[in-house]
Amino acid sequence: MATYTIRRAAAESRSFRIDYAAELNAAQLEAVTTLDGPVLVVAGAGSGKTRTLTYRVARLVETGVPARAIVLLTFTRRAAQEMLRRASALLGGGADDVVGGTFHSFANVMLRRWARAFGWPESFTILDRSDSEDAIQLARVRLGLDRRDRRFPRKQTLGDIYSTAVNKGIGIGDVVEREYVHLLDDLEDIVRCHELYVAYKRERGLLDYDDLLLELRDRLRDRAEFAERLQQTYRYLMVDEYQDTNHLQADITALLAGKRANVMAVGDDAQSIYGFRGADFKNIMSFPDRFPGTRLIALEENYRSTQPILDVTNAIIAQARERYSKTLYTRRGGGVRPQLVPSPDDRLQSLFVTQRILELAEEGVPLTEIAVLFRSSFHSFDLELELARAGIPFVKRGGFRFIETAHVKDVLAHLRVVDNPRDAVSWHRILLLLEGVGPRAAAAVVDWLGSPEGSLAGLAELAGLPGVRGQALAGVRQLGALLARLDPARERPPALVQAVLAHYRPVLERVHHDDAPKRLRDLEQFGVLAERYRSLTRFLADMALEPPSDSVGDVMAVDAPEGEVLTLSTIHSAKGLEWHSVFVISVADGRFPSTYSMDEDEIEEERRLLYVACTRARENLILTYPATMYDRGLGVVPARPSRFLDAVGPALLEPVTLLEEE
DNA sequence: CTTCTCCCTGTTTTT
DNA sequence: CAGGGAGAAG
């Protein structure tokens, strides 16, 4: 047989549309052009990490790798979409078929695609945190652990324990021993309750967030045909924000990469801020052990911030107890010294920030280029009032979200039983909304639905059950008639939402009569969200996995020019973003670090959090804190600046004194 | 068994 | 500030 050898050199000398060498620095170029084998990119804040990933996608496509063979796992879907959009722009199209999203959304898609092979129902429902707590509560009640004479951890606590166990990969007993010593006496029941919760989910086709990762990892590990198929399909893997992955995500990464190990992880240990949910920044350090032959690339040149800002951020992170990386530098000249502004109290802090924002706007900085960041969502409450008063439009990201409000969840629950009639958690929720129906009657109906003679279609003619009579029965029948009418195969999500709303509106007016109008406005918004979808299953999965991150309250100003809004955000939600001017408010001990962060690891994580906040700024960085804070127990107490600023002297951080106009 | 009311808690961060 | 839990009345 004749052979013909393609010479490497010929393949590599092909011409690319993009002049990579001209558009990237040396380290970035190396990362972009190293396509095969494991690569770890340790990328400092603002060092062009997104750019690198974007160009690498483009490079892969230009080299001839089909877009659908590339997977880009990021922390949010938005991040993935943004990178793919930019890659497509570079290429003039062609990156659209790249698979991009979060680990959770990737797991969702894969598990659904393979559901049949795994012997699962076609349609499973994803439980968000509060749904899973509701399910835990049902298990708890069934075990008789809710009686008054018996003190037993609340559903939130149980949810925390169970989730921590999964995300840290340890047993429930270990979690209780380490973090909930006072509950050690109840351990046996805590474990029993968990067993019931797990069985319940399985029976009902329910997966919580942790299950998505757990199932994907376990199936990849145990089902060779599944793993092989995915490895063949997805030949190039990129994982962003690797410092915020947990052990499950690290396992998934390795299992997807397979022997070929064409995997690039990008991250920065100094920006690891999700330890509380099981992320372990040591993942990034052990990457080379896990993938022998890893090429290590460090991106240290910062393109985002001025040197005075970097001086401050370097000083903050220099105090970190453990740290593996580097000091960032920039070649940019100039820049103004960041400021530290104490104010007498929260009110004046708000007034100061508002006034400075107005000044910046007058100087020509667009509102979209300004952000106010904070440790905890409630730190901005006072400021929100002041901004509204000053007529400054803003969006708030992070904290309590629109999608989590009781009324939105109610509507979602109706849609979910249509999608998955076995979803007992949602059944409970919507049955309890009916007049005359309490936990007992709801349980009776749910049991009936699960029994051989029960069905959604039969609900409209239900003859009656113990505890379900009169008004309650009428309500149940009416609900049954409504739901039986809804056919997700024939009607699209917007129509389904409208049908549910027609039923739910009077319910809402009865249950929340005080603020019904406000809640109805939210629901209109929700209806708008549904319009983008054709499939109910898809819509529901997205609402659970990547809901709009807008907080309750939404955009304040109605007449703001399109998109011209200020950003308020928790630092967690600001990850990966940047602005011309950044305010970080309430940088006071007790708030930042939060008093709830007690042990050393948590304090270290908070330090990195402040680092993340400050590295978001390009030109202006202004830190503020109130000199007095209100404490519920103690009244007004003096406050001191965050301990993280102790080592940042006035030479780096200009102290500013506020004066009040007479 | 449901519903009402009152109290209390406890408020980090998110997929 | 509300959402949940406990206790009492219908």
Side-chain angles (χ1 to χ4, degrees), chain A residues 73-77 101-108 126-134 137 146-149 151-152 154-157 160 163 166-167 207-214 241 244-246 248-249 272-279 373-381 397-401 403-406 409 432 434-444 466-472 510-512 514-515 541-547 549 551-552 569-575 586 590-598 602 605-606 608-610 612-613 631-633:
Chain A
L73 296 174
T74 57
F75 213 68
T76 63
R77 178 176 53 177
T102 61
F103 275 92
H104 289 88
S105 65
F106 182 77
N108 172 51
I126 298 165
L127 303 178
D128 71 15
R129 185 47 197 267
S130 78
D131 299 325
S132 76
E133 282 168 9
D134 290 346
Q137 181 67 7
D146 62 326
R147 291 199 318 276
R148 307 178 216 293
D149 51 331
R151 68 178 214 332
F152 193 70
R154 284 201 312 276
K155 59 182 181 178
Q156 288 99 323
T157 313
D160 283 342
S163 184
V166 173
N167 284 294
L207 268 70
D208 64 24
Y209 288 143
D210 301 333
D211 292 329
L212 286 169
L213 299 182
L214 204 55
E241 309 281 10
D244 283 322
T245 54
N246 63 25
L248 286 171
Q249 291 163 321
S272 165
I273 55 176
Y274 279 90
F276 69 91
R277 79 175 204 210
L373 307 182
F374 32 85
R375 169 69 183 89
S376 310
S377 183
F378 70 89
H379 293 163
S380 71
F381 286 171
R397 310 189 46 220
F400 193 61
R401 287 181 299 188
I403 202 78
E404 294 166 340
T405 55
K409 297 216 68 164
L432 287 173
L434 302 172
E435 225 164 354
V437 177
R440 214 71 187 210
V468 189
R469 275 167 277 112
Q471 196 181 23
R510 176 171 54 82
V511 181
H512 303 283
D514 301 352
D515 52 359
D542 267 15
M543 288 304 109
L545 291 175
E546 340 220 19
S549 61
S551 292
V552 210
S569 178
T570 59
I571 299 167
H572 285 90
S573 296
K575 176 170 171 152
S586 289
R591 289 194 190 163
F592 201 169
S594 154
T595 35
Y596 302 103
S597 291
M598 306 283 276
E602 289 171 316
E605 181 150 314
E606 302 247 340
R608 296 191 293 268
L609 201 52
L610 182 61
V612 169
D631 180 287
R632 252 184 335 117

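Each chain gets a letter, A, B and so on, in the order its sequence line appears, and its residues count up from 1.
The aromatic rings of A/F75 and A/Y274 are tilted relative to each other, their planes meeting at an angle between 30° and 60°.
Rounding to whole angstrom units, CG of residue A/L432 and C1' of B/dC1 are separated by 13 Å. The distance between atom CG of A/D160 and atom C1' of B/dG10, rounded to the nearest whole Å, is 13 Å. In this structure, A/E404 atom CD and B/dT13 atom C1' are separated by 12 Å, rounded to whole Å. Rounded to an integer number of Å, the gap from A/L212 CG to B/dT14 C1' is 14 Å. Nucleotide B/dT15 holds its C1' atom 13 Å from the CG atom of A/D211, rounded to whole Å. Taking atom CG on A/N108 and atom P on B/dT15, their separation rounds to 15 Å, with Å as the unit. Atom CD of A/Q137 is separated from atom P of C/dG3 by 16 Å (rounded to the nearest Å).
Side-chain nitrogen and oxygen atoms of A/T76 include none within less than 4.0 Å of the OP1 or OP2 phosphate oxygen of B/dT15. OP1 or OP2 of B/dT11 has not a single side-chain nitrogen or oxygen of A/S376 nearer than 4.0 Å.
The shortest heavy-atom contact between A/I273 and A/R608 is CG2-C, 4.1 Å.
A/S586 and A/R591 share a side-chain donor-acceptor pair at under 3.5 Å.
For the pair A/D160 and A/R129, the salt-bridge criterion is met [side-chain N within less than 4.0 Å of a carboxylate O].
Looking at heavy-atom distances under 4.0 Å, A/E605 makes no contact with the nucleic acid at all.
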